A.B. asks: 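Once you've had a glance at the structure underneath, I'll fire off some questions.
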Amino acid sequence: MMITQDNKLKKLIIIGDRVLIKPSKPNEQTTSGLYLPPGVQEKEKVQQGYIIKTGPGYAIPLPVENEPWKTEEEQVKYIPLQAKEGDLALFLLSGATELLYEGEKYFIVPQNAILMLEREEDL
């Protein structure tokens, strides 16, 4: 199978309560008109980007039962995440892990490091 722009991220599996975020392009100019060097925006404590993939959520522990007549069904259940694919997220950079994949920069962020989500929904 050949990796293309459409399917290159399908191979990635995000674990637990984490999300994969592609950072949005930072403003290169301040409101007063000064141009900022490339490293200034990257050192901010809060970053923003679009959520590309999400993990399954928080795992719910299975109850411990010693009943031998029951079948062994070890299906893990999850509490889903509030973040969804396509949301714009503001997140703490200190809680994020930077990742370079296929020449592009991404962040893996736990849901508790996300401060705010903006979702485009038709009302």
Side-chain angles (χ1 to χ4, degrees):
M1 181 174 150
M2 191 168 198
I3 296 176
T4 64
Q5 287 294 89
D6 296 332
N7 68 2
K8 72 176 185 178
L9 295 174
K10 288 185 181 179
K11 295 189 331 181
L12 297 179
I13 298 171
I14 308 301
I15 305 297
D17 70 331
R18 291 168 179 81
V19 297
L20 181 69
I21 297 179
K22 181 167 178 62
S24 60
K25 195 168 189 176
N27 293 333
E28 296 173 353
Q29 188 175 8
T30 64
T31 54
S32 63
L34 295 174
Y35 284 94
L36 300 170
V40 171
Q41 288 287 358
E42 293 175 0
K43 293 179 184 168
E44 292 288 327
K45 291 181 181 179
V46 177
Q47 294 279 331
Q48 71 176 8
Y50 288 95
I51 297 176
I52 305 297
K53 289 188 97 171
T54 63
Y58 299 99
I60 300 173
L62 295 171
V64 178
E65 297 176 1
N66 273 340
E67 298 174 353
W69 63 88
K70 286 191 173 181
T71 59
E72 297 259 344
E73 291 184 27
E74 298 247 351
Q75 293 184 351
V76 179
K77 296 188 182 348
Y78 294 94
I79 298 173
L81 299 179
Q82 203 171 4
K84 296 190 185 317
E85 293 178 10
D87 290 350
L88 177 66
L90 269 91
F91 60 94
L92 292 171
L93 193 58
S94 61
T97 302
E98 188 175 330
L99 168 73
L100 280 173
Y101 183 73
E102 297 288 326
E104 293 193 44
K105 182 176 169 181
Y106 298 96
F107 288 103
I108 297 176
V109 182
Q111 181 166 282
N112 64 4
I114 296 175
L115 302 174
M116 184 180 78
L117 295 170
E118 181 181 325
R119 186 170 295 152
E120 297 290 330
E121 287 187 5
D122 296 332
L123 298 178

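Treat the numbers as computed from the prediction; the structure is a model and nothing was measured.
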A.B. asks: Quick one: list whatever passes salt bridge (charged side-chain N to carboxylate O under 4.0 Å, His left out) with K22, sequence neighbours left out.
C.D. replies: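 Listed in chain order: E104.
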A.B. asks: Which atom pair, heavy atoms only, marks the closest approach of A89 to I114?
C.D. replies: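 So the two residues come closest at CB-CG2, 4.2 Å.
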A.B. asks: Between G16 and L81, which heavy-atom pair has the shortest distance, and what is it?
C.D. replies: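 In terms of heavy atoms, the two residues are closest at O-CD1, 4.3 Å.
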A.B. asks: Would you name the heavy atoms of A113 and G95 that are closest together and state the gap between them?
C.D. replies: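 The answer is CB-CA, 4.2 Å.
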A.B. asks: Taking only residues at least two apart or on different chains, which pairs with a member in residues 87-98 satisfy side chain to side chain donor-acceptor pair (under 3.5 Å)?
C.D. replies: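 Sorted pair list: D87-R119.
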A.B. asks: Counting neighbours of CD1 on I13 that are heavy atoms of other residues, nucleotides or ligands and sit closer than 6.0 Å, is the number greater than 12?
C.D. replies: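 Counting neighbours around CD1 of I13, 12 or fewer heavy atoms of other residues, nucleotides or ligands fall under 6.0 Å, so no.
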A.B. asks: Flag the pair I52 / I21 as yes when at least one side-chain heavy-atom distance between them is below 4.5 Å, and no otherwise.
C.D. replies: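 No - every pair of side-chain heavy atoms lies 4.5 Å or more apart.
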A.B. asks: Not counting sequence neighbours, which residues clear side chain to side chain donor-acceptor pair (under 3.5 Å) with E85? List them please.
C.D. replies: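 Counting only residues at least two positions away or on another chain, E85 forms no side chain to side chain donor-acceptor pair (under 3.5 Å).
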A.B. asks: In the single-linkage hydrophobic clustering (I, L, V, M, F, W, Y; side-chain heavy atoms under 4.5 Å), do Y50 and Y106 co-cluster?
C.D. replies: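 The answer is no; the residues belong to distinct hydrophobic clusters.
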A.B. asks: Keeping K53 on the side-chain end and I14 on the backbone end, is there a donor-acceptor pair under 3.5 Å?
C.D. replies: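 No, because the side chain of K53 does not come within donor-acceptor range (under 3.5 Å) of the backbone of I14.
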A.B. asks: Please tell me if the side chains of L99 and L20 come closer than 4.5 Å, counting only heavy atoms from C-beta onward.
C.D. replies: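 When only atoms from C-beta onward are counted, L20 and L99 do touch, with a gap below 4.5 Å.
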A.B. asks: Among all residues two or more places apart in sequence or in another chain, which pass the side chain to side chain contact (heavy atoms under 4.5 Å, CB included) test with Q82?
C.D. replies: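 Partners of Q82 under the side chain to side chain contact (heavy atoms under 4.5 Å, CB included) test: Q111.
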A.B. asks: Just jot down the side chain to side chain contact (heavy atoms under 4.5 Å, CB included) partners of Y78, sequence neighbours excluded, or say none.
C.D. replies: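 Partners of Y78 under the side chain to side chain contact (heavy atoms under 4.5 Å, CB included) test: P56, A59, V76.
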A.B. asks: For L88 and Q48: C-alpha separation, side-chain torsions, deciding distance, then whether side-chain contact (heavy atoms from CB on, under 4.5 Å) applies.
C.D. replies: CA-CA 7 Å; L88 177 66; Q48 71 176 8; 4.2 Å; yes
A.B. asks: Using side-chain heavy atoms (C-beta onward) and a distance below 4.5 Å, is V19 in contact with F107?
C.D. replies: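 No, side chains not in contact.
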A.B. asks: Grab the two heavy atoms, one from P23 and one from K105, that are nearest each other, plus how far apart they are.
C.D. replies: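 Heavy atoms only, the tightest pair is CD-O, 3.1 Å.
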A.B. asks: Going from OH on Y101 to CD1 on I108, what distance comes out if it is rounded to the nearest 0.5 angstrom?
C.D. replies: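 Between Y101 OH and I108 CD1, I get 11.0 Å after rounding to 0.5 Å.
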A.B. asks: Could you work out, with side chain to side chain contact (heavy atoms under 4.5 Å, CB included) as the rule, every residue matching I60, not counting sequence neighbours?
C.D. replies: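 Scan of I60 (side chain to side chain contact (heavy atoms under 4.5 Å, CB included), adjacent residues dropped) gives K77, I79.
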